[in-house]
2 protein chains.
Amino acid sequence: MTGALTQISRTEHLPARIAAQFARQIQEGDLKPGDKLPTENTMSKNFGVSRTVIREAIAQLRNEGMIETRQGVGAFVIDRPTRHIRLDDRRQMDTHGFRDLFQLRVPLEIEAAGLAATYHRAEHLRQLDEALQRMSVAGGDDGIVADLDFHRIIAAATGNDYFVQFLGAVSDRILQTIVESRERTRLDEIVAIVNREHTELRDAIAARDPVRARAAMRAHMVGSAERIALRLEFYL
Amino acid sequence: MTGALTQISRTEHLPARIAAQFARQIQEGDLKPGDKLPTENTMSKNFGVSRTVIREAIAQLRNEGMIETRQGVGAFVIDRPTRHIRLDDRRQMDTHGFRDLFQLRVPLEIEAAGLAATYHRAEHLRQLDEALQRMSVAGGDDGIVADLDFHRIIAAATGNDYFVQFLGAVSDRILQTIVESRERTRLDEIVAIVNREHTELRDAIAARDPVRARAAMRAHMVGSAERIALRLEFYL
DNA sequence: GTTTTCAGGTTATCAGACAATCATACGAAC
DNA sequence: GTTCGTATGATTGTCTGATAACCTGAAAAC
């Protein structure tokens, strides 16, 4: 049955692996909404692990909104298994996935710029200036953090929390990938260009001109894409 | 469904409550990135619960990307605690939150329409027609499902999985809220209008004309917003 | 001064038990 | 015959204690 001695060891937690297996079964339709999962004791025996591990796996699935547990009854696949949106999967970021993520980011950033031009308050402008300042002074990692902050402040200036959440997660992941994959020696060379684009963006927002802010962000996104796309070609 | 007399006895699990407490501490800055959490035994004593419960709470936080655990060392707040994007929070959807969510959806849908016009394949057109057909035939809940499907197919036609994920979660939540909050008697009246907008959208995509597809989606979004905004005024 | 070894602490997993809750079947009351 | 309460078994939730795997830091050996 359970050829338990072939267990791979030193990689992932046991619970995570088991949870992933059930997540796959649910997504592929082997387990349909309403279906009852095996009991914890059954799983424990089948997988050859303790019930503690099974319970942690189930807790993870429940936390992700895929299953629901009822004390005394069992665990069931939920009606509309809404697997959480997750960007930070261990899944490697290849060029294709990176392009997809960037493609998603662009419209969000543009819309955020327009909304920020309309809804921003004085403190946001102050924070933008502070981030600009930091970015022109510091190079390297600090510059990247300041860049992230700049965009985060724009998202916050929309007054819409969802933009903060979504854009935060997306651009976080994007910049992180950039940092990991490039030697970032070139960063100093382009800092001037980025700064010019950022300044235009900031001025458009300060002028409360949504059209101009959107145009500025679009230009910034196009510029960013070109700058990284050029580099990314090397990693194909 | 039963009435709303279900009281708060809907007690959350012990692990969930403890995890929420630490999540709050992290988000409020009481626990900064890099900080070490108390050991499981310490927490177990402090909270007066068993270590099992503590472990489940920690597992949840780790799963949400807020902390990281190192065997033999301890649990630490992660560098950039990015709480997972979650739309399905128990948090009630008030008018404000609904508007924010819709505001987020609009640029994504428009961009998706443009990409779909460029990247769609024959099967997507077929699926779009099928959804259109279903929507014109069936009213009520089936019509809503078909509507959801229509937009989901457009997202899929982008060839970009992130759009499927994000738009799926967002519009799912939006339409679900609409269904819950309206008596949907009016739905049949507007079905003709929605169908016309959908058909124009489908034709623009079929023509592989991104500009036209974006315009069509923009019109559809504006129309949708007006239609619900009108209704939403009643629930203010 | 560098390397090795060891001890202590911490998380990961295991094993078994009891408590709380639920579904079902059965029997009593009407 | 129908309805209601109850017994009972199944299952999840929580507790307790123990062992294994792993890391850190300091003592010991060279």
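Protein chains get the first letters and strands the later ones, always in sequence-line order, with residue 1 at the start of each.
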Exercise. Mind calculating the distance between CG (B:Leu61) and C1' (C:dT11) to the nearest angstrom?
Key: 15 Å
Exercise. Would you indicate which nucleotide in D:dT11, D:dT14, C:dT13 comes nearest to any side-chain atom of B:Pro15?
Key: D:dT14
Quiz item: Looking at residues at least two apart in the chain, or sitting in another chain, which of them share a ring pair (Phe, Tyr, Trp, His ring centres under 6.0 Å) with B:Phe102?
Solution: none
Self-check item: N-O pairing of A:Arg105 and B:Glu111 below 4.0 Å
Solution: no
Quiz item: C:dA12 base to B:Gln71 side chain: any donor-acceptor pair below 3.5 Å?
Solution: no
Exercise. With DNA chain D as reference, determine whether B:Arg70 or A:Val73 sits nearer its 5' end, using the nearest nucleotide of each.
Key: A:Val73
Practice problem: Rounded off to whole Å, could you give me the CD-to-P distance for the A:Glu40 and D:dT14 pair? | Solution: 11 Å
Quiz item: How close or far is atom P of C:dT13 from atom NZ of A:Lys45, stated in whole angstroms?
Solution: 21 Å
Quiz item: Using a cut-off of less than 4.0 Å, is there contact between a side-chain N or O of B:Arg55 and OP1 or OP2 of C:dA12?
Solution: yes
Practice problem: Identify, with sequence neighbours excluded, every residue that meets side-chain hydrogen bond (donor to acceptor under 3.5 Å, both in side chains) alongside A:Ser44. | Solution: none
Quiz prompt | Sequence neighbours excluded - side chain to side chain donor-acceptor pair (under 3.5 Å) pairs with any residue from residues 29-43 of chain B | solution = B:Thr39-B:Thr42, B:Glu40-B:Arg51, B:Glu40-B:Arg55
Practice problem: Take the protein atom CD1 of A:Ile18 and the nucleotide atom P of C:dA12, then report the distance between them rounded to whole Å. | Solution: 15 Å
Practice problem: For A:Gln21, enumerate each residue passing the side-chain hydrogen bond (donor to acceptor under 3.5 Å, both in side chains) test, keeping only those at least two apart in sequence or located in another chain. | Solution: none
Quiz item: So, is A:Thr39 close to the D:dA10 phosphate, meaning a side-chain N or O under 4.0 Å from OP1 or OP2?
Solution: no
Quiz item: Just how far, in rounded Å, is C1' of C:dA12 from CD1 of B:Ile54?
Solution: 16 Å
Quiz prompt | Between D:dT12 (C1') and A:Ile58 (CD1): distance, integer Å | solution = 9 Å
Practice problem: Quick one: sort the A:His151 and A:His198 rings into parallel, tilted or perpendicular, breaks at 30° and 60°. | Solution: perpendicular
Quiz item: Between D:dG13 and A:Arg62, is there an OP1 or OP2 to side-chain N/O distance shorter than 4.0 Å?
Solution: yes
List every contact pair, protein side and nucleotides 15-17 of chain C side both N or O, where the distance is under 3.5 Å.
residue: C:dA17; atom: N6; partner: A:Arg51; partner atom: NH1; Å: 3.2

Quiz prompt | Whole-Å gap separating C1' (D:dT12) and CD (A:Glu56) | solution = 16 Å
Quiz item: What's the CZ-C1' distance between B:Phe76 and C:dT10, to the nearest Å?
Solution: 10 Å
Practice problem: List in chain and number order the residues that pass side chain to side chain contact (heavy atoms under 4.5 Å, CB included) with B:Arg70, two or more places apart in sequence or in another chain; answer none if no residue qualifies. | Solution: B:Glu68, B:Val73, B:Phe76
